[in-house]
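One is the number of the first residue; the rest follow in order along the sequence. All values derive from a computational prediction rather than experimental measurement.
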Amino acid sequence: MISPEMAKHMLEPGMNGWGLGPAITADGQRFGHGGSNEGFRCQFAAFIEGGRGVAVMTNSDAGGRLMREIIVTVFAEYGWPGIAPEERTVADLDAALYPRYAGRYDFPELGVITIEYVDGRLMVDVPGETRVELLPESETVFFDRDEGTEVTFTMAGDRVTGFVVEGQRAEKIE
């Protein structure tokens, strides 16, 4: 059993907005965490005060989009603030720019991630994950078609040097 004091300590934002285990939202009102194993995805989101929250578990590698929709729906149904449907606009990016994002990236948490430009689409391969497409929001900001996860590419002039996703940085190695 965790003492109330330890639970409170676990929910204090630390490095990169993380508590001792869960991620803490920028406004300090909510916490959450996700997880995955081959064939499964899960996510929970809860309020630090008030005992409100939702946990969703799926039995699919492609369960991220469904989880997000369920969480958004629960928040809307109960009138909880902070999570709303997300609308994104796909930018009309010059096709000549896409190849510069392709390559292999060293991502400390996941290993080597491969991004390929295939048939006019930017595809991402993460070890142990389902291949996903990245859609452009601008020349440096893309998002995952399935889950909406934002990927911001870092540049040195016209050369891509890496990307940042959920506060974690990956360095381009090839």
Side-chain angles (χ1 to χ4, degrees), residues 1-2 6-7 9-27 29-48 50-78 80-88 90 101-116 118-119 121-135 137 141-153 162-171 173:
M1 178 125 187
I2 297 174
M6 178 55 78
H9 185 61
M10 289 176 70
L11 297 176
E12 293 172 359
M15 187 184 308
N16 296 324
W18 284 81
L20 293 175
I24 312 299
T25 58
D27 65 7
Q29 301 297 309
R30 295 182 321 281
F31 65 100
H33 205 291
S36 64
N37 285 324
E38 186 173 345
F40 298 92
R41 298 290 180 269
C42 63
Q43 180 73 41
F44 84 88
F47 287 86
I48 291 174
R52 301 169 292 166
V54 58
V56 181
M57 301 173 80
T58 69
N59 60 346
S60 170
D61 284 330
R65 179 181 235 166
L66 175 61
M67 284 188 309
R68 172 100 178 124
E69 291 300 319
I70 291 170
I71 291 170
V72 166
T73 300
V74 168
F75 269 66
E77 178 64 23
Y78 289 102
W80 297 346
I83 297 180
E86 189 174 353
E87 292 185 28
R88 303 202 85 150
V90 177
Y101 306 103
R104 293 169 39 90
Y105 295 80
D106 182 26
F107 195 84
E109 298 294 317
L110 299 172
V112 175
I113 294 175
T114 303
I115 298 179
E116 294 180 302
V118 181
D119 299 326
R121 298 168 50 193
L122 205 57
M123 303 302 293
V124 180
D125 287 313
V126 177
E129 302 281 334
T130 302
R131 179 176 246 210
V132 297
E133 181 179 4
L134 289 181
L135 300 173
E137 200 165 52
V141 178
F142 286 68
F143 60 96
D144 169 341
R145 175 186 282 281
D146 293 338
E147 297 182 23
T149 303
E150 188 172 290
V151 176
T152 303
F153 286 94
F163 66 81
V164 176
V165 61
E166 296 180 350
Q168 301 294 316
R169 181 168 172 72
E171 298 291 333
I173 55 178

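Using a 4.5 Å heavy-atom threshold, the side chains of L134 and F153 count as touching. Residues F107 and V165 meet the side-chain proximity criterion, which asks for heavy atoms closer than 4.5 Å. Side-chain atoms of R30 and I83, non-hydrogen and from C-beta on, do get closer than 4.5 Å to each other. Under the 4.5 Å side-chain criterion, counting only non-hydrogen atoms from C-beta, P22 is in contact with L11. Looking at heavy atoms from C-beta onward, V124 lies out of side-chain contact with D144 at the 4.5 angstrom threshold. Contact annotation: the side chain of Y78 never approaches that of R52 to less than 4.5 Å [non-hydrogen atoms, C-beta and beyond]. Residues I48 and I24 meet the side-chain proximity criterion, which asks for heavy atoms closer than 4.5 Å.
Residues that satisfy the side-chain hydrogen bond (donor to acceptor under 3.5 Å, both in side chains) test with Q43, not counting sequence neighbours, are absent from this structure. With sequence neighbours excluded, the residues that form a side chain to side chain contact (heavy atoms under 4.5 Å, CB included) with E116 are T114, V118, D125, R131. R169 is linked by a side-chain hydrogen bond (donor to acceptor under 3.5 Å, both in side chains) to T154, E171, counting only residues two or more places apart in sequence or in another chain.
Counting heavy-atom neighbours within 6.0 Å of E166 CD, excluding the residue itself, gives a total of 12 or less.
I70 contributes atom CD1, which lies 12.0 Å from atom CE of M57 (distance to the nearest 0.5 angstrom). Note that CG of L20 is 12.5 Å distant from CZ of F31, once rounded to the nearest 0.5 Å. With rounding to the nearest 0.5 Å, the separation of CG in L122 from CD in E133 is 8.0 Å.
Between F47 and P81, the shortest heavy-atom contact is CZ-O, 3.4 Å.
Taking the six-membered ring where the residue is Trp, the centroids of F142 and F163 are separated by 6.0 Å or more.
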